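Scroll down for the structure; my scribbles are underneath it.
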Amino acid sequence: MNPVAFSRNAAVAVITLDSPPVNALGAAVRAGLVEAIGRANADEAVSAIVIAAAGKAFIAGADISEFGKPPVPPFLPDVLDTIERSPKPVVAAIQGVALGGGLEVALACHARVALPSAQLGLPEIKLGLIPGAGGTQRLPRLIGAAKAFPMMLSGDPIPAGRGLEWGLLDEVVSSDLLATAIRVAEGLAGEGRRPVTSAAVDKLTEADRAAFEVQAKDALRKAGEMPNVPALVEAVRNVFLLPFEEGLAAERKLFLALVDDPRSKALRHVFFAEREIAKVPGIGPEVKPRPIASAAVIGAGTMGGGIAMCFANAGIPVTLIETAQAPLDNGVNRIAAIYDISVQRGSLTPEARAARLALIKPVVGLAGAAGADIVVEAAFEEMGVKQQIFGELDKVAKPGAILASNTSYLDVPTIAAATKRPQDVLGMHFFSPANVMKLLEVVRPKGVADDAIATAVALGRKLGKVPVVVGNGFGFVGNRMLEQRTRAAERLLVAGALPYEVDQA
Ligand code: DAK
């Protein structure tokens, strides 16, 4: 199938990208785009061009799997050059995400229209990179460096409405996206206008530059060891120092050095790994998760409290259970103190703090778990304790409730054997601090129902975690690795190495 289709609507050429799942800019798409722009410009009946996309995304950026492989022409910066230099105006029609190289395509166009649901972003920073196809040079020229730099520094997309407000978009329409893009393209052709982003200068004021330098200083202070932050600062600063072409060449050089950095290679690996682990063997989309409207957490210690916060943060009411009032009060006070710190830092409003605390209901005794759709046990790491709890849970929990243990090492089937419902018993292993760490091991013992695993995975995502389904082996995956490392470190200590030498090794 050709990933780039060409059609005509009166005097407007419509170039439609159709490369599922997300219209990434692989070699075939890049070649198709150049070819289609050339065809439109060669066609005397065409006066303007629209770049549109089929499917849920406009363009999700470069094909990440091509990074680090021998580059195949045409290169994206050259494709964008072709678009920007097109004698006939080119308009981008954006639905869904325009990310990375996808937004850079849109920036090279002469106008941009989008649906309200569109998301515009340069997420390269999250892959250990910086934008490498003109993003660091064109976006500041279009909206000012003080707005462009934070977008590139966070990598988080902005909604279409803000894009319109900032001048990144020319129009936002809730329907008839293609018809609007065609109208805008005809309008530009009629007026003989072809606004070129790389030539824009009016946003690059002294005030903009000063504001950017303040942001840059702060970013460099917080950058840690990530080399892409100083690279981003340098690239954006060039907007004020160099002509466009030279800034572009400098950006490309910085980008290519980062592509070879092992930290970027690791982050690209993580991108695909996180998508790979979403595919659970034997559990397809036909296995529906059970509805989870309420939860109970057993144990108000560090782990239990953190897990209860995960539920409250996701808006799920949660009963926090202890054996006595004093440890329960301690647990609730600890949770409130953690929320207080967030309020002091400004990352949580006092209202949101109150709303989250109101979702946590402290209760003494296991009977409090009776109404919950899921129970997560976070008691002492001792088989006897776990079996006793699960034996009692079997009597009080409602039928079909998921019974999960937060055990980090213990055999889940042995815990499940304390109940008459092993099909509902699994592991949900959070990592400390549970309200912060993203990894969630979902332990899948033999005998557990597929929809119970699907429920734990779906719930994990709702809690903002990266759920990874693992087998029921000692230490599962995370602690199994840490165990080996700790054992080796201790051997070195016994053999006479100093702790800092062990750290170095
Ligand atoms: N490349 C390859 N595959 C991608 C992809 C990409 N950019 N984006 C998504 N996919 C694949 C996923 O791996 C997944 O594949 P399967 O697992 O289904 O096989 C499938 O698309 C669906 O993705 P998700 O499962 O993530 O679906 P969601 O709907 O949840 O999310 C998303 C869709 C587009 C929001 C998300 O996938 C996403 O954030 N994608 C990554 C966006 C990104 O980081 N783009 C790359 C930015 S870097 C240069 C040349 C080029 C460039 C620079 C320089 N020179 C020659 C100097 C350009 C750089 C960039 O664009």
Side-chain angles (χ1 to χ4, degrees), residues 3 17-31 33-34 53 55-83 94-108 117-139 151-152 154-159 228 231-232 235 245 247-261 264-265 267-281 284-285 457-458 461-462 464 466-467:
L17 308 191
D18 189 7
S19 181
V22 292
N23 294 322
L25 293 162
V29 174
R30 298 195 301 272
L33 251 176
V34 171
K56 62 174 184 172
F58 175 64
I59 304 172
D63 183 338
I64 299 172
S65 66
E66 285 185 355
F67 287 152
K69 294 187 187 153
V72 179
F75 306 127
L76 189 59
D78 303 330
V79 178
L80 304 197
D81 195 47
T82 305
I83 294 173
I94 305 171
Q95 94 278 14
V97 294
L99 297 178
L103 185 61
E104 290 173 313
V105 166
L107 290 170
S117 55
Q119 297 274 324
L120 317 162
L122 292 169
E124 288 84 347
I125 201 95
K126 298 181 182 178
L127 298 171
L129 303 169
I130 62 170
T136 67
Q137 303 304 295
R138 284 197 180 89
L139 191 60
M151 251 180 95
M152 295 187 261
S154 73
D156 295 331
I158 60 165
N228 56 343
L232 181 65
E245 295 299 335
L248 200 62
E251 174 202 79
R252 191 160 174 168
K253 207 168 153 204
L254 290 164
F255 174 87
L256 291 175
L258 290 167
V259 168
D260 282 334
D261 189 280
S264 172
K265 285 184 187 161
L267 288 167
R268 274 136 51 196
H269 175 84
V270 167
F271 176 84
F272 287 113
E274 287 193 354
R275 276 143 189 92
E276 201 53 42
I277 49 104
K279 296 159 197 154
V280 183
V457 169
R461 286 206 192 102
K462 195 165 176 206
V466 178

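Computed from heavy atoms alone, side chains included, the values below leave out hydrogens, waters and symmetry copies. The first residue of the sequence shown is numbered 1, and numbering continues consecutively from there. In listed order, ligands and their atoms are each counted from 1. The structure presented is a predicted model; accordingly, all values stated were derived computationally and were not measured.
- We find the CD-CG distance between Q119 and D156 to be 10.0 Å, quoted to the nearest 0.5 Å.
- When all heavy atoms of E104 and P131 are compared, the pair lying nearest together is OE2-CB, 3.4 Å.
- For the pair R275 and F271, the distance from NZ or CZ to the six-membered ring centre is under 6.0 Å and the angle to the ring normal is within 45 degrees.
- Of all the heavy atoms in A53 and F58, the pair that sits closest is CB-O, 3.4 Å.
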Where does ligand 1 get N/O contacts under 3.5 Å from the protein, atom by atom?
residue	atom	partner	partner atom	Å
ligand 1	1 (N)	A62	O	3.4
ligand 1	1 (N)	I64	N	2.9
ligand 1	7 (N)	A60	O	3.4
ligand 1	7 (N)	A62	O	2.8
ligand 1	17 (O)	K279	NZ	2.8
ligand 1	26 (O)	R275	NE	2.6
ligand 1	26 (O)	R275	NH2	3.2
ligand 1	29 (O)	K56	NZ	2.7
ligand 1	45 (N)	A60	O	2.8
ligand 1	61 (O)	A62	N	2.8
ligand 1	61 (O)	G101	N	2.7

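- Of all the heavy atoms in A98 and L103, the pair that sits closest is O-CB, 3.6 Å.
- Considering all non-hydrogen atoms of both residues, N23 and A57 come closest at ND2-O, 3.0 Å.
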